[in-house]
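The structure under discussion appears below in the form of structure tokens.
Residue numbers start from 1 in every chain, and the chains themselves are labelled A, B, ... in the order their sequence lines are given, proteins ahead of strands.
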Amino acid sequence: MSHPEPDRALYTISVAAQLAGVSPRTLRHYESHGLLAPARTRGGTRLYSDNDIARLRRVTELAEQGVNLVGIRRILDLQDENTRLREDGRGDRPDGAVR
DNA sequence: TTTCTTACA
DNA sequence: TGTAAGTA
């Protein structure tokens with residue numbers, strides 16, 4: 001009962017592109033630079049999850065702010081690592097100590 | 001028709 | 001980033 005969530009929606013590249021306001025070409029470009037890693041069908045078609053869409057939104061937002069792809073990748077990796085650490089369950093450090 | 005990769009401008 | 005070729 002950890003997650004009552006129904007099936008997570010998946011989108012094709014054209015739908016994901018519309019949701020993010022960019023072209024499929026741009027999505028493939030982002031992926032080639034390690035900014036995105038959508039799942040694939042057996043035939044190779046990309047399947048974007050809600051998480052991918054959320055990540056994609058962070059990408060477009062940073063891009064609008066003038067951050068280049070290398071910078072965006074680093075920021076996203078750091079954000080995700082930070083989120084991962086928080087969700088690690090050991091986030092209760094009484095005195096705020098780290099490690 | 002859509003998507004995929006590769007590639008050119 | 002847009003477009004094209006040749007596939008699947």
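Nucleic acid contact for Gly43(A): none, since no nucleic acid atom lies under 4.0 Å from a heavy atom of the residue. As judged by a 4.0 angstrom heavy-atom cut-off over every strand, Arg46(A) is placed among residues touching the sugar-phosphate backbone only. Looking at heavy-atom distances under 4.0 Å, Arg40(A) makes contact with sugar-phosphate atoms alone, never a base.
In this structure, Leu62(A) CG and Arg58(A) CZ are separated by 8.5 Å, a value rounded to the nearest 0.5 Å.
Linking Ile, Leu, Val, Met, Phe, Trp and Tyr whenever their side-chain heavy atoms come within less than 4.5 Å puts Leu36(A) and Val67(A) in one cluster. Follow the hydrophobic side-chain contacts under 4.5 Å out from Val15(A) and you reach Val22(A) in the same cluster. Under the 4.5 Å side-chain heavy-atom criterion for ILVMFWY residues, no single connected hydrophobic cluster contains both Leu47(A) and Leu56(A).
Atom CG in Leu10(A) sits roughly 14 Å away from atom P in dT3(B) (whole-Å rounding). Note: CD1 (Ile13(A)) to C1' (dG2(C)) measures 14 Å, nearest angstrom. Put simply, CZ on Arg28(A) is 6 Å from C1' on dT3(B), counting in whole angstrom units. Rounded to an integer number of Å, the gap from Tyr11(A) OH to dT2(B) C1' is 19 Å. Atom CG of Leu35(A) is separated from atom P of dT1(C) by 12 Å (rounded to the nearest Å). Note: NE2 (His29(A)) to C1' (dC8(B)) measures 14 Å, nearest angstrom.
Of the possible donor and acceptor atoms, none in the side chain of Asn82(A) sits under 3.5 Å from a partner among the backbone N and O of Gln79(A). Proximity of a side-chain donor or acceptor of Arg55(A) to a complementary backbone N or O of Leu35(A) within less than 3.5 Å is detected.
Counting distance only, with no hydrogens placed and no angle test, the side-chain atoms of Arg25(A) and the base atoms of dT3(C) include a donor-acceptor pair under 3.5 Å.
The side chain of Thr12(A) contributes an N or O atom lying less than 4.0 Å from OP1 or OP2 of dT3(B).
Checked by atom type, the side-chain pair Thr83(A)/Asp80(A) shows no donor-acceptor distance below 3.5 Å.
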Checklist entry - Using Watson-Crick and G-U wobble pairs with both distances under 3.5 Å, what is the 5'-to-3' dot-bracket string of DNA chain C, with [ ] for crossing pairs and | for pairs outside the strand? => result ||||||.|
